[in-house]
Undergrad: 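Dropping a structure here in structure tokens format, bear with me for questions.
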Amino acid sequence: MEGMNDDHMHGMMMHNTSDGGMNMTNPHKMMMHMTFFWGSDAEILFSGWPGTRTGMYVLALIVVFLLAFMVEGLSHSRLMKPGSTHHVTAGLVQTLLHTLRVGLAYLVMLAIMSFNGGVFLAAVAGHSLGFLLFGSRVFNKPSATVPAAKTSDLPPMSC
């Protein structure tokens, strides 16, 4: 197939044309992976980041891990007191938390779309540890004052 890199059939070589379109013939521009791959030479979230240095790749994996961990933390947070009479304030806090959670979740999704296996594993590990600490029954003891059905200030994540 024209435009496919014979050495890396899992990606397509692409570059911008003068009319704003994409041309798939120049092999020296951008590599866009279409399947999972392993290695530290990846672009995650931002152009040129983390670069080719292994230390920066490890930092990128830690960032993705922490983003996924924070998504779980926000998904299971209990910041508002039950029975609060400040409905407007409570609604604004819920909206802010929801916005932050969705934004972080989209960043994790975009990082996974780099198709790097290490990034995928870091995201899954962050979500898993976050759920273990914040959402599972291992560390959360049910409170007598909080109804059993209400485990978070935010509704569950859904697509």
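The chain is numbered in sequence order, starting from 1. Not measured: the values here are computed from a predicted model.
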Undergrad: Of all residues at least two apart in sequence or in a different chain, which pass the side chain to side chain contact (heavy atoms under 4.5 Å, CB included) check with Ala111?
TA: Ile44, Leu45, Val64, Val119
Undergrad: Would you name the heavy atoms of Ile112 and Ala123 that are closest together and state the gap between them?
TA: CD1-CB, 3.7 Å
Undergrad: Rounded at 0.5 Å granularity, tell me how far CH2 in Trp49 sits from OG in Ser114.
TA: 10.0 Å
Undergrad: Once ring-ring contact (aromatic ring centres under 6.0 Å, His included) is applied, what residue pairs with a partner in residues 104-132 remain, sequence neighbours excluded?
TA: Phe36-Phe115, Phe36-Phe120, His76-Phe131
Undergrad: Which atom names give the shortest non-hydrogen contact between Ala42 and Pro50, and what distance separates them?
TA: O-CD, 3.0 Å
Undergrad: Give a yes or no on whether Met109 atom CE has more than 12 heavy-atom contacts from other residues, nucleotides or ligands under 6.0 Å away.
TA: yes
Undergrad: At what distance, to the nearest 0.5 angstrom, does CG of Leu61 lie from CE of Met56?
TA: 11.5 Å
Undergrad: Can any side-chain N or O of Glu43 pair as donor or acceptor with the backbone N or O of Gly48 at less than 3.5 Å?
TA: yes
Undergrad: Evaluate Phe134 against Phe69 for ring pair (Phe, Tyr, Trp, His ring centres under 6.0 Å), listing each step before the verdict.
TA: CA-CA 9 Å; Phe134 301 118; Phe69 184 80; 5.2 Å; yes
Undergrad: Once side chain to side chain donor-acceptor pair (under 3.5 Å) is applied, what residue pairs with a partner in residues 62-71 remain, sequence neighbours excluded?
TA: none
Undergrad: Given a cutoff of under 4.5 Å between side-chain heavy atoms of I, L, V, M, F, W and Y, with clusters grown through shared members, what are the other residues clustered with Val88?
TA: Leu92
Undergrad: Could you tell me the separation between the OG1 atom of Thr95 and the CG atom of Leu100, rounded to the nearest 0.5 Å?
TA: 12.5 Å
Undergrad: In chain order, what residues pass the ring pair (Phe, Tyr, Trp, His ring centres under 6.0 Å) check against Phe65, with sequence neighbours excluded?
TA: none
Undergrad: CG of Leu96 to CD of Gln94: how many Å apart, nearest 0.5 Å?
TA: 11.0 Å
Undergrad: To the nearest 0.5 Å, tell me how far Ser77 OG sits from Glu72 CD.
TA: 11.5 Å
Undergrad: Can you run down the side chain to side chain donor-acceptor pair (under 3.5 Å) pairs that involve residues 51-67, sequence neighbours left out, and say none if there aren't any?
TA: Tyr57-Asn116
Undergrad: I'd like to know whether Val71 forms a side chain to side chain contact (heavy atoms under 4.5 Å, CB included) with Leu67, so could you lay out the CA-CA distance, the side-chain angles of the two residues, the decisive distance to 0.1 Å, and finally the verdict.
TA: CA-CA 6 Å; Val71 168; Leu67 287 171; 5.7 Å; no
Undergrad: According to side chain to side chain contact (heavy atoms under 4.5 Å, CB included), who are the partners of Ile62, at least two apart in sequence or on a separate chain?
TA: Val58, Leu66
